[in-house]
Amino acid sequence: GAVVSGPRGERGRTRLDEALAGASAATGRSLHVVSATMTDSGKLLARVADDRRQQRFLLRVAGGSSGALIESAAASTRLLSAPAVAPAVRERVVAPLAVGAVGGVRYALEAEAAGRHPRRMTGALWDDCLEFLVALHAADGHPAPDADGVRAIVADDVRLVAPALEARGLERLQRLADGLAERLAAVPLGWAHGDFWPQNLLVRSQRLTAVIDWDDAAAGRLPLLDLLDLRGVSDPGTRRLTPGPRLERVLLPLARRSGDEPIRRYCAATGIPAEPELLEALVLGWWLQRVAHDLRDCPDKLARPRWLEDNVAAPLAVLAAR
């Protein structure tokens with residue numbers, strides 16, 4: 001829906017040029033753009049090289065709500081790369097080298113992490129991911145139950161999803177939210193990545209080397225959500241499913257079977273009972289959070305009737321019937 005215009009003559013100085021200049025000044029390096037791409041949420045990702053050393057970097061540039069995510073991701077990765085954080089997390093986080101703003105646009109520069117996105121989940125990679133997620137959940141100390149925190153999480157997600165619903169759907173959503181807040185009141189809250197799937201993992205020889213894209217990371221989150229993200233896309237046959245179908249076809253059936261081996265291992269390591277009722281509540285919390293974040297990061301989905309039916313209205317109707 002965008003209209004893009006530009007001059008036929010010489011190109012003027014852009015916000016990307018200004019961000020690159022700011023990153024160059026902050027790091028004392030002469031940087032130039034090698035390639036660039038746009039994300040669905042409106043971030044410009046530029047691969048950048050050092051003229052002197054030919055070292056590679058990634059420059060993230062965005063305005064508006066996406067710019068705020070860049071700043072949030074930089075703050076999270078700086079915290080999680082601190083010496084006090086467990087090596088299983090600290091050594092797989094890429095902290096920013098420079099963070100700044102130019103004309104209402106925010107930017108962050110980081111070293112390009114080594115590795116490639118995994119094509120499949122091997123046993124060794126599952127082990128590394130579980131080690132990482134367990135350590136991440138406890139990154140700010142000993143996770144503890146926080147009933148008020150759970151209520152706040154659920155209420156915030158409901159606020160983001162509510163504009164997608166009419167009165168009947170909103171009533172169903174509120175009933176679900178009230179039940180979730182009660183059922184999850186005793187779970188320990190901790191750090192979460194917020195978008196943990198193979199495109200945000202980097203591997204070498206099928207071992208996890210880095211976790212990238214920390215836009216949605218935060219402390220005080222429900223447990224297990226990152227693992228559910230990964231578990232929901234680890235089967236090639238279900239990788240393209242959106243959150244609603246993934247909830248119904250993959251994650252709810254898993255929860256009702258008391259999970260699978262990775263889920264049960266995560267629960268044992270974090271002290272969470274691998275009981276069907278609790279796992280089902282966490283799966284519903286995953287769905288509510290995922291839909292809320294999708295609507296926050298890509299508000300145009302509010303104008304996509306099919307997406308809203310598949311991912312919001314239909315799952316709510318099924319849950320209400322059950």
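Residues take their numbers from the sequence shown, with the count starting at 1.
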Novice: From Lys43 NZ over to Thr37 OG1, what is the distance, rounded to the nearest 0.5 angstrom?
Specialist: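 That separation rounds to 11.5 Å.
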
Novice: In the single-linkage hydrophobic clustering (I, L, V, M, F, W, Y; side-chain heavy atoms under 4.5 Å), do Leu160 and Val312 co-cluster?
Specialist: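 No.
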
Novice: Using a 4.5 Å cut-off on heavy atoms from C-beta on, say whether the side chain of Cys129 contacts that of Leu230.
Specialist: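 Counting from C-beta outward, Leu230 and Cys129 do come under 4.5 Å.
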
Novice: Please confirm whether the backbone N or O of Arg13 pairs with a side-chain atom of Asp17, one donor and one acceptor, at under 3.5 Å?
Specialist: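 Judged by distance alone, no pair lies under 3.5 Å.
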
Novice: By the rule that ILVMFWY residues connect when side-chain heavy atoms come within less than 4.5 angstrom, directly or transitively, which residues belong alongside Val102?
Specialist: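 Val102 shares its hydrophobic cluster with Leu16, Leu20, Leu31, Val33, Met38, Leu44, Val48, Phe57, Leu59, Val61, Leu97, Val105, Tyr107, Leu109.
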
Novice: So, taking the atom named OG in Ser258 and the one named CD in Glu275, what distance separates them when rounded to the nearest 0.5 Å?
Specialist: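 Rounded to the nearest 0.5 Å, the OG-CD separation comes out at 8.0 Å.
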
Novice: If you look at every heavy atom in Ser234 and Met121, which pair is closest and at what distance?
Specialist: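 Ser234 and Met121 have their closest heavy atoms at CB-CG, 4.2 Å.
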
Novice: Are Arg92 and Glu131 close enough for a salt bridge, meaning some N to O gap below 4.0 Å?
Specialist: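 Salt bridge between Arg92 and Glu131, a charged N being under 4.0 Å from a carboxylate O: yes.
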
Novice: Using side-chain contact (heavy atoms from CB on, under 4.5 Å), reason through Val233 and Phe196 one step at a time and then give a plain yes or no.
Specialist: CA-CA 10 Å; Val233 299; Phe196 198 80; over 6 Å; no

Novice: Between His32 and Asp51, is there a side-chain heavy-atom distance shorter than 4.5 Å?
Specialist: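 Side-chain contact under 4.5 Å: yes.
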
Novice: Any carboxylate oxygen within less than 4.0 angstrom of a Lys/Arg side-chain nitrogen, looking at Arg168 and Glu171?
Specialist: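 Salt bridge flag = no for Glu171 with Arg168.
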
Novice: State yes or no: do Trp287 and Leu165 share one hydrophobic cluster built from I, L, V, M, F, W and Y residues joined by side-chain heavy-atom distances below 4.5 Å, directly or via other members?
Specialist: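 In one cluster with Trp287: Leu165, yes.
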
Novice: How long is the gap from CG on Leu241 to CG on Asn311, to the nearest 0.5 Å?
Specialist: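 These two atoms lie 9.5 Å from each other.
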
Novice: Is Leu247 linked to Leu254 within one hydrophobic cluster, defined over Ile, Leu, Val, Met, Phe, Trp and Tyr using a side-chain heavy-atom separation of less than 4.5 Å?
Specialist: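 In one cluster with Leu247: Leu254, yes.
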
Novice: Could you walk me through whether Leu208 and Leu125 satisfy the side-chain contact (heavy atoms from CB on, under 4.5 Å) test, starting with their C-alpha distance in whole Å, then the side-chain angles of each, then the deciding distance to 0.1 Å, before giving a yes or no?
Specialist: CA-CA 6 Å; Leu208 183 65; Leu125 184 53; 4.0 Å; yes

Novice: Compare all side-chain heavy atoms of Leu80 with those of Leu136 and state whether any distance is below 4.5 angstrom.
Specialist: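 Counting from C-beta outward, Leu80 and Leu136 do come under 4.5 Å.
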
Novice: Examine distances only and state if a side-chain atom of Ser72 and a backbone atom of Leu69 form a donor-acceptor pair shorter than 3.5 Å.
Specialist: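 Not confirmed, Ser72 side chain does not pair with Leu69 backbone.
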
Novice: I'd like to know if the side chain of Asp50 reaches the main chain of Gln55, judged simply by a donor and an acceptor atom lying under 3.5 Å from each other, with no hydrogens or angles considered.
Specialist: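 Looks like no, no N/O pair under 3.5 Å.
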
Novice: How many angstroms lie between NE2 in His137 and CD1 in Ile272, if you round to the nearest 0.5 Å?
Specialist: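 That separation rounds to 5.5 Å.
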
Novice: Do Leu252 and Leu284 have side chains that approach each other closer than 4.5 Å (heavy atoms only, starting at C-beta)?
Specialist: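 In contact.
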
Novice: Looking at every heavy atom in both Ala164 and Leu308, which two are closest together, and how far apart are they?
Specialist: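 Nearest heavy atoms, Ala164 then Leu308: CB-CD2, 3.7 Å.
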
Novice: Going by atom type alone, with no hydrogens or angles, which donor-acceptor pairs under 3.5 Å involve a side-chain atom of residues 177-185 and a protein atom two or more places apart or on another chain?
Specialist:
residue: Asp178; atom: OD1; partner: Gln174; partner atom: NE2; Å: 3.1
residue: Arg183; atom: NH2; partner: Glu277; partner atom: O; Å: 3.1

Novice: Check whether any side-chain N or O of Ser66 sits under 3.5 Å from a backbone N or O of Gly63 as a donor-acceptor pair, and report yes or no.
Specialist: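 It does not hold such a pair.
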
Novice: Just checking Trp126: does its CH2 atom have more than 12 heavy atoms from other residues, nucleotides or ligands closer to it than 6.0 angstrom?
Specialist: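 It does: Trp126 CH2 has more than 12 such atoms within range.
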
Novice: Can you name the nearest heavy-atom pair linking Leu227 to Pro262, along with the distance?
Specialist: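 Shortest heavy-atom separation between Leu227 and Pro262 comes out as CD2-O, 3.6 Å.
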
Novice: For Leu279 and Cys267, what are the C-alpha separation, side-chain angles and deciding distance, and is it a side-chain contact (heavy atoms from CB on, under 4.5 Å)?
Specialist: CA-CA 10 Å; Leu279 291 180; Cys267 289; 4.0 Å; yes

Novice: Sort and list the pairs that fulfil ring-ring contact (aromatic ring centres under 6.0 Å, His included) and have at least one residue in residues 200-236, not counting sequence neighbours.
Specialist: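 Of all non-adjacent pairs touching residues 200-236, those that pass ring-ring contact (aromatic ring centres under 6.0 Å, His included) are His193-Trp214.
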
Novice: Among pairs that include at least one residue of residues 220-230, which meet side-chain hydrogen bond (donor to acceptor under 3.5 Å, both in side chains), considering only residues two or more places apart or in two chains?
Specialist: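 Only Asp229-Trp286, Asp229-Arg290 qualify under side-chain hydrogen bond (donor to acceptor under 3.5 Å, both in side chains).
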
Novice: If only atom types and distance count, is the side chain of Ser81 paired as donor or acceptor with the main-chain N or O of Arg78 below 3.5 Å?
Specialist: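 Side chain of Ser81 to backbone of Arg78: a pair is present.
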
Novice: With sequence neighbours excluded, what pairs up with Arg204 under the side chain to side chain donor-acceptor pair (under 3.5 Å) test?
Specialist: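 Once residues adjacent in sequence are excluded, Arg204 has no partner under the side chain to side chain donor-acceptor pair (under 3.5 Å) criterion.
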
Novice: Mind checking whether Arg231 and Asp260 have side chains closer than 4.5 Å, heavy atoms only?
Specialist: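 With C-beta onward as the side chain, the pair touches.
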
Novice: Which heavy atom in Arg106 sits nearest to a heavy atom in Ile70, and how many Å separate them?
Specialist: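 Scanning both residues, the minimum pair turns out to be O-CD1, 3.9 Å.
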
Novice: Salt bridge (Lys or Arg N to Asp or Glu O under 4.0 Å) between Arg306 and Asp310: does it pass, once the steps are laid out?
Specialist: CA-CA 6 Å; Arg306 179 61 183 272; Asp310 289 348; 3.0 Å; yes

Novice: Do Leu45 and Val99 belong to the same hydrophobic cluster, where Ile, Leu, Val, Met, Phe, Trp and Tyr are linked whenever their side-chain heavy atoms lie under 4.5 Å apart, directly or via other members?
Specialist: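 No; Val99 is not reachable from Leu45 via cluster members.
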
Novice: Mind listing the closest non-hydrogen atom pair of Ile153 and Gly220 along with its distance?
Specialist: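 Here Ile153 and Gly220 meet closest at CD1-O, 3.1 Å.
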
Novice: May I ask you to test the Leu173-Leu288 pair for a side-chain heavy-atom distance under 4.5 Å?
Specialist: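 Yes, their side chains come closer than 4.5 Å.
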
Novice: Within a radius of less than 6.0 Å around CZ of Arg249, do more than 12 heavy atoms belonging to other residues, nucleotides or ligands occur?
Specialist: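 No, the 6.0 Å shell around CZ holds no more than 12 heavy atoms from other groups.
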
Novice: Under a single-linkage definition using a 4.5 Å side-chain heavy-atom cutoff for Ile, Leu, Val, Met, Phe, Trp and Tyr, are Phe132 and Leu79 assigned to the same hydrophobic cluster?
Specialist: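 Linked within one cluster.
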
Novice: Among Arg56, Arg60, Arg47, find the residue that satisfies the salt bridge (Lys or Arg N to Asp or Glu O under 4.0 Å) test when tested with Glu112.
Specialist: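 Of Arg56, Arg60, Arg47, salt bridge (Lys or Arg N to Asp or Glu O under 4.0 Å) with Glu112 is met by Arg47 alone.
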
Novice: Any Lys/Arg nitrogen of Asp127 or Arg265 sitting under 4.0 Å from an Asp/Glu carboxylate oxygen of the other?
Specialist: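 Salt bridge flag = yes for Arg265 with Asp127.
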
Novice: Any side-chain heavy atom of Glu248 sitting closer than 4.5 Å to one from Pro315?
Specialist: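 Yes, close enough: below the 4.5 Å cut-off.
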
Novice: Just so I know, are the side chains of Pro223 and Thr270 near enough to count as touching, which here means a heavy-atom distance under 4.5 Å?
Specialist: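 Pro223 does not reach Thr270 side chain to side chain.
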
Novice: For the pair Leu302 and Trp307, evaluate side-chain contact (heavy atoms from CB on, under 4.5 Å) and give the outcome as yes or no after the intermediate values.
Specialist: CA-CA 8 Å; Leu302 284 169; Trp307 191 93; over 6 Å; no

Novice: Where is the tightest heavy-atom contact between Leu201 and Val211, given as atom of each residue plus distance?
Specialist: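 Result for this residue pair: CD2-CG2, 4.2 Å.
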
Novice: Is there a donor-acceptor pair under 3.5 Å between the side chain of His117 and the backbone N or O of Val203?
Specialist: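 Such a contact is absent between His117 side chain and Val203 backbone.
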
Novice: Kindly say whether Leu202 contributes a backbone atom to a donor-acceptor pair with the side chain of Thr209 at under 3.5 angstrom?
Specialist: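 Yes, Thr209 side chain to Leu202 backbone: donor-acceptor pair under 3.5 Å.
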
Novice: Is a side-chain donor or acceptor of Thr27 paired with a backbone partner of Ala23 at a separation under 3.5 angstrom?
Specialist: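 Present.
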
Novice: Could you tell me the separation between the CZ atom of Arg207 and the CG atom of Asp128, rounded to the nearest 0.5 Å?
Specialist: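 So the gap between those two atoms works out to 4.0 Å.
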
Novice: Enumerate the residue pairs fulfilling salt bridge (charged side-chain N to carboxylate O under 4.0 Å, His left out) with a member in residues 296-305, sequence neighbours excluded, ordered by first and then second residue.
Specialist: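 As it turns out, the salt bridge (charged side-chain N to carboxylate O under 4.0 Å, His left out) pairs with a partner in residues 296-305, which skip direct neighbours, are Asp216-Arg296, Asp294-Lys301, Asp300-Arg304.
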
